[in-house]
Undergrad: 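I'd like to ask some things about the structure below.
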Amino acid sequence: MEMARVIVDVPSKDTDRPFDYLIPEDLRPWIEVGSRVGVPFGHRTLQGFVVSLHPRPEMDTAKMKPIQEVLDVMPPLSPELIEVGEWMKERYACRHISALQSMLPTALKGKAERYISLAHSDMDMDSTEEADGLFALLPESELEQQIIRFVGQKGEVSLQQLSRAFPDGAATIKALIGRGRLSEFQQIKDKLQKKTMKAIELAVSSEEASTALASFPAKAQRQKEVLQYILEMEDFLPISQKDLLQTLGVTAGTVKALADKGLITLEDVEVFRDPYRGRNFTPSTPLALTQEQQVVYRSIVNKLDEREHGVFLLHGVTGSGKTEIYLQTIQRCLEQERQAIVLVPEISLTPQMVERFKARFGDRVAVMHSRLSDGERYDEWRKIREGRASVVVGARSAVFAPFDRLGLIIMDEEHETSYKQEETPKYHARDVAIHRASLTGAAVILGSATPSLESYHAAKSQAQDHFAPQLLEMPSRALGNRLPEVQIVDMREELRDGNRSMFSRSLHAAITTRLERGEQTVLLLNRRGYSTFVMCRSCGYVAGCPECDISLTYHQKSNNLRCHYCGYAAQAPEVCPDCGSEHIRYFGTGTQRVEEELAKLFPGIRVIRMDVDTTTEKGSHEKLLKQFRDKKGDVLLGTQMVAKGLDFPDVTLVGVITADSALNLPDFRAAEKTFQLLTQVAGRAGRHQLPGEVVIQSYTPEHYSIIHASSHDYLSFVKDELKHRKALHYPPYCRLILVTLSHEQLPLLVRMAENFAAAIKSESDRRGWFGSLDRFDASALDILGPVASPIPRLKNRYRFQCMIKWRGTMDAVSLVRLVAEKLQDSARDSKLQISIDVDPQMLM
DNA sequence: AGCACGCCGACT
DNA sequence: GTCGGCGTGCTC
């Protein structure tokens with residue numbers, strides 16, 4: 001084994017494949033599959049990952065260069081994670097390096113740094129003579145001698161440091177390297193706790209810059225534009241290089257040229273993150289399980305004991321005690337000397353949540369959430385890698401936790417969309433979890449009170465082409481108390497009866513009662529879909545697309561309504577097309593407005609408001625919840641974040657201001673999301689001794705998602721929703737691939753998007769795939785579009801998208817990738833960008 | 001993505 | 001001529 005295949009850190013199409021390197025004898029003991037190495041690549045040194053090891057081939061080694069260095073004592077990736085990476089790049093059509101890098105903390109994204117040292121003095125005779133001759137002709141200047149002395153003293157010095165010591169020495173240093181007096185080498189350096197961005201600042205006064213601008217040679221047009229832009233932005237300096245490149249459509253080389261001229265400076269500025277502080281936790285012991293929990297527990301533990309892969313869908317109503325199941329199955333997993341991952345949606349990864357795991361498993365728990373600084377995240381990661389932790393609780397990316405004896409992966413609230421990463425690689429943690437577990441013989445528990453239709457349908461149909469989890473049900477609450485009474489209030493009637501407030505009479509009365517009794521209220525305001533859809537306040541009419549059965553999005557600029565799926569557009573109506581009322585308007589209410597109205601209606605009421613505005617600060621989330629728990633507030637008012645996982649004994653009322661706002665998003669999952677949210681938030685009421693009450697306000701109270709949520713009837717909801725999905729050909733009856741093309745020039749983009757769609761059609765025809773989705777027993781592929789994207793222009797680029805719907809066992813992703821790459825090649829100007837989102841969650 | 005190479009237009 | 005901007009192609 002003398003050769004390694006390495007994936008190098010260059011996220012481009014041409015380099016998206018392994019490169020072969022020789023392994024020097026002295027590095028051999030340190031190099032494994034998963035090692036992070038520094039390799040020479042072209043004219044520079046890059047970070048890369050070893051994906052396989054091979055015996056040295058007989059020939060063909062001429063081009064091969066040796067690995068330069070090994071960057072870690074323990075390989076940061078295991079062979080298992082390398083395999084997950086191979087799978088990800090196929091599954092999500094992403095770059096191999098992006099898949100690998102996404103598994104690691106950003107601290108481990110090393111970049112080459114240039115170093116200078118004195119050149120080797122014991123050269124052979126010929127070159128010594130040659131060099132002596134040269135030196136005789138060119139006596140060393142004062143500056144040259146200073147530089148050589150400086151380098152000599154340090155042994156080796158980074159180029160950055162050297163140029164700081166000799167600000168005007170760049171040319172001299174270059175010359176000394178050219179003459180063989182100094183030599184340059186590169187080494188990979190981790191950026192550890194620093195997250196940086198390139199910041200641009202003027203190096204001279206704006207007057208001087210303006211003067212320089214005037215005397216610019218005519219050919220340096222690009223640089224002129226850039227400098228002009230920087231001068232315009234003078235008051236906002238420093239600005240990010242990345243933004244500037246995007247805005248002006250220039251390359252980094254142009255900016256660098258300005259920096260070399262000394263007009264601007266480029267600096268790596270640290271992007272700061274808030275630290276996470278640990279706390280003390282009182283230990284807890286396993287609770288006695290109810291009959292229902294026992295059954296579920298046994299099924300999972302049997303699988304664990306077999307040490308075989310298996311997937312469970314744990315459908316348990318709110319308050320059924322899913323967390324206790326998690327804790328006890330983890331316990332079993334740990335007893336087997338295996339490790340466990342607990343995935344939690346970012347939004348509910350609160351200290352309260354973490355506390356339950358720390359209380360049971362103490363120091364063996366590592367926590368990974370997005371508010372950690374890169375350094376802290378790296379520390380937690382090392383705790384796992386080095387075996388000091390055997391349980392990790394974390395958001396999406398914790399699915400890559402570097403355990404070597406993984407036994408169990410738990411995904412709480414498995415229906416949450418935050419498990420899908422919206423940036424490349426656009427992976428879904430559920431799919432990664434299942435695939436990873438299948439490699440290691442680990443069990444997976446997908447837990448939810450409202451499972452995603454994909455998971456539920458897979459469990460019910462036991463389909464062979466997709467994962468088929470075993471369904472486990474927990475229909476009753478662990479403490480034996482009943483699910484809360486839910487009342488639906490028709491807000492159209494309120495308006496008809498002259499109540500123009502955002503609070504119905506029922507909700508008003510219910511809040512009054514809580515205030516009198518000293519009990520607490522949670523108010524949910526669903527801000528999703530804020531101001532985007534048009535609705536009639538008299539009859540509840542919502543403008544929908546005639547083709548797609550999806551609500552239209554209001555566009556203020558053009559004052560029209562558009563369908564994000566098929567491109568249909570219509571003039572925004574002045575009066576309701578259904579009832580003729582003038583009370584038609586685009587919809588949305590902010591938490592601030594609700595807070596003001598609460599203060600008006602209930603003088604002296606203490607409101608704790610929780611939304612993006614009040615929770616950005618570190619620890620504020622926790623602080624607000626603590627205030628509420630300590631009964632320093634009568635009402636907790638907030639967005640989605642109040643719906644998840646909160647458990648306060650004195651909350652006996654939950655109010656939903658408008659249930660419809662998520663319902664009217666241009667998203668085929670709108671009903672599902674509404675049902676899930678209402679069910680979640682209703683579960684916050686009456687979790688303990690006091691009985692709970694829920695008031696849902698709605699303009700479409702007859703909608704099945706609202707009706708079924710009010711009767712806590714998941715099964716009926718699923719039945720209704722599946723009917724719609726089947727009729728309109730949406731998941732789980734097919735799968736989707738969303739392809740977004742972007743380019744600076746609109747006509748070019750449109751033509752290329754049409755070419756793309758046509759190529760998909762002809763290529764899938766050729767393979768015999770193209771066909772009707774109406775036949776549910778047959779493989780089929782259909783393409784919709786191209787249409788303008790919901791965000792038609794982003795950062796100076798126009799965007800068009802195509803939606804591919806497909807069903808069957810064929811590899812549709814690779815077809816899409818193939819066609820996308822062909823198109824990119826034929827579009828000789830490389831400015832076309834193509835993004836592929838496999839199984840998209842967000843369609844807007 | 002960078003970085004070198006090389007073509008080509010503007011200036012000493 | 002030659003300096004430097006900017007497009008092109010390659011990286012084991």
Side-chain angles (χ1 to χ4, degrees), chain A residues 1-24 27 31 35 37-69 94-98 100-101 109-114 159 170-171 174 177-178 184-189 191 196-198 212-227 241-242 244-246 248-263 266 268 424 744 824-833:
Chain A
M1 301 245 244
E2 283 178 306
M3 183 199 109
R5 294 231 146 98
V6 175
I7 301 295
V8 293
D9 186 12
V10 183
S12 87
K13 180 176 154 295
D14 297 335
T15 50
D16 189 26
R17 61 187 173 86
F19 285 83
D20 297 337
Y21 286 91
L22 297 170
I23 303 175
L27 296 186
I31 293 182
S35 289
V37 292
V39 290
F41 195 74
H43 304 276
R44 51 205 175 122
T45 297
L46 288 178
Q47 171 173 293
F49 295 94
V50 175
V51 291
S52 61
L53 297 169
H54 304 270
R56 186 189 192 130
E58 293 302 310
M59 34 223 264
D60 247 19
T61 57
K63 263 172 47 182
M64 272 159 62
K65 293 179 182 174
I67 290 176
Q68 192 177 306
E69 52 176 336
C94 67
R95 310 258 100 105
H96 201 163
I97 190 65
S98 317
L100 296 177
Q101 203 80 65
K109 190 171 166 65
K111 256 183 72 183
E113 198 152 297
R114 305 167 102 94
L159 183 58
K174 259 185 223 163
I177 293 170
E184 189 217 329
F185 62 98
Q186 297 179 40
Q187 227 167 22
I188 305 292
K189 273 199 78 184
K191 50 179 184 179
T196 62
M197 63 177 217
K198 281 247 186 300
L213 190 63
S215 59
F216 252 49
K219 65 210 170 201
Q221 199 45 46
R222 293 297 212 181
Q223 289 183 37
K224 222 169 158 175
E225 272 174 45
V226 171
L227 188 56
Q241 172 177 266
K242 200 177 158 194
L244 180 137
L245 298 186
Q246 290 236 297
L248 296 182
V250 294
T251 57
T254 317
V255 178
K256 195 167 176 298
L258 283 172
D260 290 343
K261 288 202 174 83
L263 291 168
L266 273 173
D268 279 324
T424 33
E744 289 170 353
Q824 201 129 49
D825 283 345
S826 68
R828 290 237 42 89
D829 95 58
S830 60
K831 282 174 178 166
L832 173 71
Q833 272 176 24

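Source: prediction; values computed, not measured. Numbers restart at 1 for each chain; the letters A, B, ... are given by sequence-line order, proteins then strands.
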Undergrad: Below 4.0 angstrom, N of the basic side chain to O of the carboxylate: do A:K63 and A:D20 qualify?
TA: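 Here A:K63 does not pair with A:D20 in a salt bridge, since their nearest N and O are not under 4.0 Å apart.
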Undergrad: With a 4.5 Å cut-off on side-chain heavy atoms, are A:R95 and A:Q101 touching?
TA: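 A side-chain contact is absent here, since even the closest heavy-atom pair is not under 4.5 Å.
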Undergrad: Show me the protein contacts with nucleotides 5-12 of chain B, counting only N or O atoms at under 3.5 Å.
TA:
none

Undergrad: Can you figure out which of C:dC6, B:dC3, C:dC12 approaches the side chain of A:Q223 most closely?
TA: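 The nucleotide sitting nearest to the side chain is C:dC6.
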Undergrad: What's the CG-P distance between A:L46 and B:dC3, to the nearest Å?
TA: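 For the pair A:L46 CG and B:dC3 P, the rounded distance is 9 Å.
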Undergrad: Just compare C:dC6, B:dA1, B:dC3 and give me whichever is closest to any side-chain atom of A:S12.
TA: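 When the side chain of A:S12 is considered, B:dA1 is the closest of C:dC6, B:dA1, B:dC3.
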Undergrad: Rounded off to whole Å, could you give me the CG-to-C1' distance for the A:D9 and C:dT11 pair?
TA: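 Computing the A:D9:CG to C:dT11:C1' distance gives 14 Å.
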Undergrad: Can you find a side chain N or O atom of A:R44 that sits less than 4.0 Å from OP1 or OP2 on B:dC3?
TA: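 No, A:R44 has no side-chain N/O under 4.0 Å of OP1/OP2 on B:dC3.
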Undergrad: What's the NZ-P distance between A:K111 and B:dG2, to the nearest Å?
TA: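 Going from A:K111 (NZ) to B:dG2 (P), I get 7 Å.
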Undergrad: A:R56 versus A:M64: any side-chain heavy-atom pair under 4.5 Å?
TA: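 A side-chain contact is absent here, since even the closest heavy-atom pair is not under 4.5 Å.
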Undergrad: Considering just the side-chain nitrogens and oxygens of A:K261, establish if one lies under 4.0 Å of OP1 or OP2 belonging to C:dG5.
TA: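 Result: yes.
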Undergrad: What residues, two or more places apart in sequence or in another chain, satisfy ring pair (Phe, Tyr, Trp, His ring centres under 6.0 Å) together with A:F185?
TA: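 Listed in chain order: A:Y115.
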Undergrad: Between A:Q221 and C:dG5, is there a side-chain N or O to OP1/OP2 distance below 4.0 Å?
TA: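 So the side chain of A:Q221 is outside the cut-off, no N or O lying under 4.0 Å from OP1 or OP2 of C:dG5.
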